[in-house]
Amino acid sequence: MAGLLVIHDTDGHPEHKLRLERSEVPFICGGCKELGFGLRYQCPNMECDYILHHECGLGLGYGRPPTQKFFKKCDFQFHRQNPLPGTRICDICALDIRGFLYQCSRGDYDLHPHCASLPLTFTLPGSNEVIKLREKIESRCLKCQRKERASGRVQGLSYVSSDGMLCYHVACLKEACLDNWTMGYFQLDALANEERKILALQNLAPNQEVRIRAGQSANAMRGIRLLITFLKLVVSAILGEPFTLVSTLFQISQS
Ligand SMILES: [Zn+2]
Ligand SMILES: [Zn+2]
Ligand SMILES: [Zn+2]
Ligand SMILES: [Zn+2]
Ligand SMILES: [Zn+2]
């Protein structure tokens with residue numbers, strides 16, 4: 001897909017054109033109202049503070065989402081607002097849609113533009129670990145400790161490790177990242193407080209041991225390292241940021 005460097009959101013922000021930029025400061029997207037990070041369309045006029053996800057800007061520009069593996073039969077169209085009556089839920093993250101969306105012309109499925117671009121699989125360079133986006137999970141979600149995210153029709157998707165042991169609902173991941181951000185745990189400053197990074201990890205996986213301590217067995221340490229790697233990878237997927245950047249976010253000393 002060709003990249004658009006400048007877009008004009010003539011309905012949302014008619015005053016100025018928006019430019020594609022990368023910044024490490026998280027933002028709330030003016031289109032979909034969800035948390036964003038990294039690549040964004042931003043008004044160059046600093047007083048405006050109007051920012052869109054890269055994916056939300058592409059939606060405005062192209063009107064079509066990337067190919068959808070889980071919704072192959074759907075014909076998605078971009079909308080600024082849900083054109084149908086009632087609240088719509090994103091079929092990828094199972095959270096409410098409050099702004100920009102892709103909706104199937106049959107009215108059966110809805111997607112946040114950012115969710116529609118989540119990577120289906122990703123790997124850690126130099127490792128065999130492959131993390132996949134899946135419909136069903138075999139283990140409990142690291143955040144909510146359940147297999148099912150919701151009782152309704154829309155369950156959303158989950159990220160699952162190669163061995164199926166580590167699972168994370170996309171919904172829980174988005175909520176945990178938003179939490180980490182509002183609590184000030186996400187700090188890109190390399191000198192950020194070590195304790196905050198531990199708290200960020202602990203908030204991502206509340207019932208898991210995330211501290212490496214002297215006296216732990218080699219197996220326990222290996223398990224913790226795997227867990228931390230998994231968390232870094234899924235966070236980098238959800239934030240749309242390269243793994244290296246997210247790594248600094250959680251660069252805790254593992255000695
Ligand atoms: Zn957005
Ligand atoms: Zn502006
Ligand atoms: Zn459909
Ligand atoms: Zn979503
Ligand atoms: Zn969950």
Side-chain angles (χ1 to χ4, degrees), residues 4 7 9 11-13 18 20-21 26-43 49-62 65-66 68 70-71 74 76 78-82 87-104 109-120 133-152 154-161 165-179 203-208 230-231 234-235 237-240:
L4 294 172
I7 60 163
D9 183 356
D11 293 308
H13 193 70
L18 310 177
L20 190 61
E21 283 178 16
F27 60 94
I28 297 293
C29 173
C32 68
K33 322 288 187 221
E34 300 279 308
L35 179 69
F37 209 79
L39 212 56
R40 81 278 308 271
Y41 285 106
Q42 183 154 10
C43 179
D49 200 26
Y50 190 76
I51 307 179
L52 296 178
H53 279 116
H54 183 218
E55 299 84 4
C56 285
L58 291 179
L60 274 177
Y62 293 102
Q68 291 301 312
F70 293 98
F71 314 96
C74 287
F76 286 108
F78 178 82
H79 301 278
R80 301 188 67 91
Q81 287 287 336
N82 164 35
T87 308
R88 308 297 292 187
I89 296 172
C90 171
D91 287 278
I92 291 177
C93 75
L95 298 172
D96 286 359
I97 289 178
R98 295 171 297 157
F100 288 11
L101 75 157
Y102 288 114
Q103 187 169 74
C104 175
Y109 290 103
D110 303 81
L111 312 174
H112 288 121
H114 175 64
C115 290
S117 301
L118 286 178
L120 297 175
L133 201 54
R134 294 243 189 103
E135 282 177 294
K136 293 246 181 303
I137 60 177
E138 295 100 55
S139 306
R140 292 169 190 277
C141 166
L142 286 166
K143 178 72 176 174
C144 69
Q145 316 293 326
R146 289 175 301 166
K147 287 190 189 172
E148 306 243 298
R149 160 71 199 193
S151 52
V154 178
Q155 283 296 321
L157 305 178
S158 304
Y159 277 117
V160 182
S161 65
M165 298 301 284
L166 300 173
C167 300
Y168 221 116
H169 295 128
V170 171
C172 291
L173 196 51
K174 284 179 73 175
E175 287 174 351
C177 287
L178 184 59
D179 255 28
N203 188 40
L204 285 165
N207 284 23
Q208 306 288 318
F230 177 81
L231 293 174
V234 293
V235 167
I238 218 83
L239 298 179

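In each ligand, atom 1 is the first atom listed, and ligand 1 is the first ligand listed.
The ND1 atom of His169 and the SG atom of Cys141 meet at the Zn ion (ligand 5) at an angle of about 100°, given to 10°. Angle SG(Cys29) to the Zn ion (ligand 1) to ND1(His53), rounded to 10°: 110°. With the Zn ion (ligand 5) as the vertex, SG (Cys172) and SG (Cys144) define an angle of 110°, rounded to 10°. In this structure, SG of Cys115 and SG of Cys90 enclose an angle of 120° at the Zn ion (ligand 4), rounded to 10°.
Side-chain polar atoms of Tyr50 and Asp9 form a donor-acceptor pair below 3.5 angstrom.
The local environment of CG in Asp49 is sparse, with at most 12 non-hydrogen atoms from other residues, nucleotides or ligands closer than 6.0 Å.
The Zn ion (ligand 4) has no N, O or S atom of His114 under 2.8 Å away, backbone or side chain. Within the 2.8 Å limit, His112 places no N, O or S atom next to the Zn ion (ligand 1).
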Go through Asp179 and Lys174 one step at a time and tell me if the salt bridge (charged side-chain N to carboxylate O under 4.0 Å, His left out) criterion holds.
CA-CA 9 Å; Asp179 255 28; Lys174 284 179 73 175; over 6 Å; no

Given the rule in the ring-ring contact (aromatic ring centres under 6.0 Å, His included) test, do Tyr168 and Tyr159 qualify, once you have shown the distances and angles that lead to the verdict?
CA-CA 5 Å; Tyr168 221 116; Tyr159 277 117; 9.2 Å; no

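When ring centroids are compared, Tyr102 and His112 stay outside the 6.0 Å threshold.
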